[in-house]
There are 2 protein chains.
Amino acid sequence: MTRPTFHDFKKKALRDPGVRAEYESLSAAYHLRKKLIGLRKKAGLTQEELAKRLNTQKSNISRLENVNSKISPKLSTIEEYAKAVGFKLELDFVPQKTIKPHHNRINSD
Amino acid sequence: MTRPTFHDFKKKALRDPGVRAEYESLSAAYHLRKKLIGLRKKAGLTQEELAKRLNTQKSNISRLENVNSKISPKLSTIEEYAKAVGFKLELDFVPQKTIKPHHNRINSD
DNA sequence: GACACGGTTATCGTAAATGATAACATACTC
DNA sequence: GAGTATGTTATCATTTACGATAACCGTGTC
């Protein structure tokens with residue numbers, strides 16, 4: 001028998017309703033940060049260069065982008081970041097599906 | 001000669017690049033608030049009822065929705081509001097048009 | 001090894017968002 | 001007019017995001 005992989009661990013963890021709830025609630029901020037990094041790199045900017053555009057420091061950019069960050073940024077912060085890398089932020093409100101999720105459904109990340 | 005109407009005033013004001021910039025920068029938050037109110041009403045909730053769902057006070061809901069408000073809410077605040085009225089918040093980043101705007105173009109609304 | 005580059009982390013001070021309470025305005029009903 | 005419902009505004013305390021500085025970790029280059 002082999003050692004459990006991280007994938008196995010995640011699969012199992014996501015079956016726990018509590019863990020799953022936290023995972024989903026985190027996902028918005030999580031995906032946001034990944035998105036921001038992608039936009040910055042596509043714009044060919046380092047954190048330091050972007051920081052300069054925003055009149056701030058690279059450490060602050062890092063904090064904002066960092067997945068481990070516990071902060072929930074202000075709307076204006078995200079907007080300014082977006083603008084600095086050449087994008088405009090738009091907010092969409094999509095109706096929540098109230099469908100009970102299939103009990104063995106796993107997010108494919 | 002008649003008194004200048006508010007519409008005239010606004011039209012003129014928006015020709016000023018500074019004023020216009022401020023107008024545009026405010027518009028995101030402005031539209032957001034209108035959107036939020038619409039979602040709440042569609043859900044058939046009063047501010048007080050929604051406040052209860054969010055474990056807060058109606059005055060705080062009012063502050064968040066109020067167009068005159070100068071605050072830039074946290075992302076999580078908007079997310080929780082959306083969830084409480086049955087919606088999910090999604091962020092979209094659309095490429096900025098760098099086209100120079102027509103010098104006499106006026107926003108309708 | 002020394003250096004530069006890109007990013008992370010810790011810390012501290014300040015500014016701003018949020019929580020909470022109360023008083024107020026309007027409109028509507030009895 | 002008294003009472004109720006909905007939303008607004010002001011104020012204060014608390015929490016948290018953000019600004020700023022510094023030290024650190026790789027990685028690559030010389």
For the student: nearest non-hydrogen atoms of S76(A) and S72(B), plus distance: N-OG, 2.9 Å
Side-chain heavy-atom pair E80(B), K83(B) within 4.5 angstrom cut-off: no
Spacing between L75(B) atom CG and dT18(C) atom P, to the nearest angstrom: 11 Å
Closest contact, heavy atoms only, R33(A) versus P73(A): NH2-CD, 4.4 Å
Nearest-Å distance for atom pair CD/C1', residues E80(A) and dA17(D): 13 Å
Side-chain touch L75(B)/T77(B), heavy atoms, less than 4.5 angstrom: no
Ionic contact status for R40(A) with E49(A), cut-off 4.0 Å: no
Closest to side chain of T77(A), choosing from dT18(C), dG19(D), dA17(D): dA17(D)
Between CG on residue D92(A) and CG on residue D92(B), distance to nearest 0.5 Å: 4.5 Å
Full working for salt bridge (Lys or Arg N to Asp or Glu O under 4.0 Å) between K88(B) and E79(B): CA-CA 7 Å; K88(B) 184 171 172 304; E79(B) 279 180 334; over 6 Å; no
Angle by which the axis turns from one end of the helix from dG1(C)-dC30(D) to dC30(C)-dG1(D) to the other, five pairs per end, to 10 degrees: 20°
Gap between atoms CD1 and P, on I61(A) and dT8(C) respectively (whole Å): 11 Å
Interatomic distance where CG belongs to L32(A) and P belongs to dA17(D) [whole Å]: 13 Å
Any residue of residues 40-48 of chain A with a heavy atom less than 4.0 Å from an atom of DNA chain D: none
Taking every non-hydrogen atom, the tightest pair across F87(B) and P95(A): CD2-N, 3.5 Å
Hydrophobic cluster identity match, I37(B) and I71(B), side-chain contacts under 4.5 Å: no
Shared hydrophobic cluster, I78(A) / L54(A) (ILVMFWY, side-chain heavy atoms < 4.5 Å): yes
Length of the line joining E79(B):CD and dT18(C):P, which is rounded to integer Å: 12 Å
Whole-Å distance separating the OH atom of Y81(B) from the C1' atom of dG19(C): 17 Å
Pair R63(A)-N66(A), side-chain donor/acceptor within less than 3.5 Å: no
Gap between atoms CG and P, on L50(B) and dT18(C) respectively (whole Å): 14 Å
Using a cutoff of under 3.5 Å, can you pull out all pairs of nitrogen or oxygen atoms linking the protein to nucleotides 9-16 of chain C, with atom names and distances?
residue : atom : partner : partner atom : Å
dT9(C)  : OP2  : N66(A)  : ND2          : 2.4

Whole-Å gap separating C1' (dA10(D)) and CD (Q57(B)): 15 Å
